[in-house]
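Start at 1 with the first residue, then count along the sequence.
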Amino acid sequence: MQNLVTDLLVTLAYGVVGVVLMAIGYVLVDVATPGKLHELIWTERNRNAALLLTSNLAGVGIIVVAAIAASEDDFLLGLVGSAAYGIVGLVIMALAFVLLDALTPGKLGTLLVDPQPHPAVWVSSVVHLATGAIIAAAIS
């Protein structure tokens, strides 16, 4: 029974770290795009904004999963590693967004919240996912 309680507490701690990192990712996407992200997605049903956000959240999730798997049953190392690698991943995702914005025509944030589907959102989304995968591979 004690193992179950310990495992549940460990799971809870990792879950909290993951949710906090995803919340930071949400804020970063909200800052990078014009308007209020919650209104764009839930009120205006903007698919571009939703795809950009979901790719960011998935990228963060990939990083956190890799950090947990690489912790080799060392809870403290896994928890700190998850948080640290997650922050590094978010910083790199933000830098990749800025770089992509600088290298492409128009203002990327504006294109990504256009009510009509825009191919730029797919490019930016893949950058988020690829960044998460790269950080995850570097962890192991």
What is the distance from atom [atom1] of [X] to atom [atom2] of [Y], rounded to the nearest 0.5 Å?
X    : Y    : atom1 : atom2 : answer
I135 : I92  : CD1   : CD1   : 3.5 Å
I134 : L129 : CD1   : CG    : 11.0 Å
L37  : L53  : CG    : CG    : 5.5 Å
N56  : T131 : CG    : OG1   : 9.5 Å
L90  : M22  : CG    : CE    : 10.5 Å
N46  : H118 : CG    : NE2   : 12.0 Å

- Message: What I want to find out is whether D101 reaches K107 closely enough, with some N-O distance under 4.0 Å, to be called a salt bridge.
- Response: yes
Looking only at heavy atoms, which two atoms of [X] and [Y] are closest? And how far apart?
X   : Y    : answer
I62 : A136 : CG2-CB, 3.7 Å
G78 : S71  : CA-CB, 3.2 Å
P34 : G109 : CD-O, 3.2 Å

Please tell me if the side chains of [X] and [Y] come closer than 4.5 Å, counting only heavy atoms from C-beta onward.
X    : Y    : answer
V121 : L111 : no
F97  : V127 : no
L100 : V123 : yes
L28  : M93  : no

Do you reckon [X] sits in the same ILVMFWY cluster as [Y], going by side-chain contacts under 4.5 Å, direct or chained?
X   : Y   : answer
L57 : I63 : yes
V29 : V20 : yes
L9  : V16 : no
I68 : V19 : yes
I24 : L52 : yes

- Describe, in one word, how the ring planes of F75 and Y14 are oriented to each other, choosing from parallel (under 30°), tilted (30 to 60°) and perpendicular (over 60°).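 Ring orientation, 0 to 90° scale: perpendicular.
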- Message: Under a 3.5 Å distance rule, please check whether N48 uses its side chain to pair with a backbone N or O of D114 as donor and acceptor.
- Response: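 Yes; judged by distance alone, with no hydrogens or angles, the pair exists.
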- Message: Taking L40's backbone N and O only, do any of them form a donor-acceptor pair with T43's side chain (distance below 3.5 Å, no angle check)?
- Response: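 Checking the backbone N and O of L40 against the side chain of T43, no donor-acceptor pair under 3.5 Å is found.
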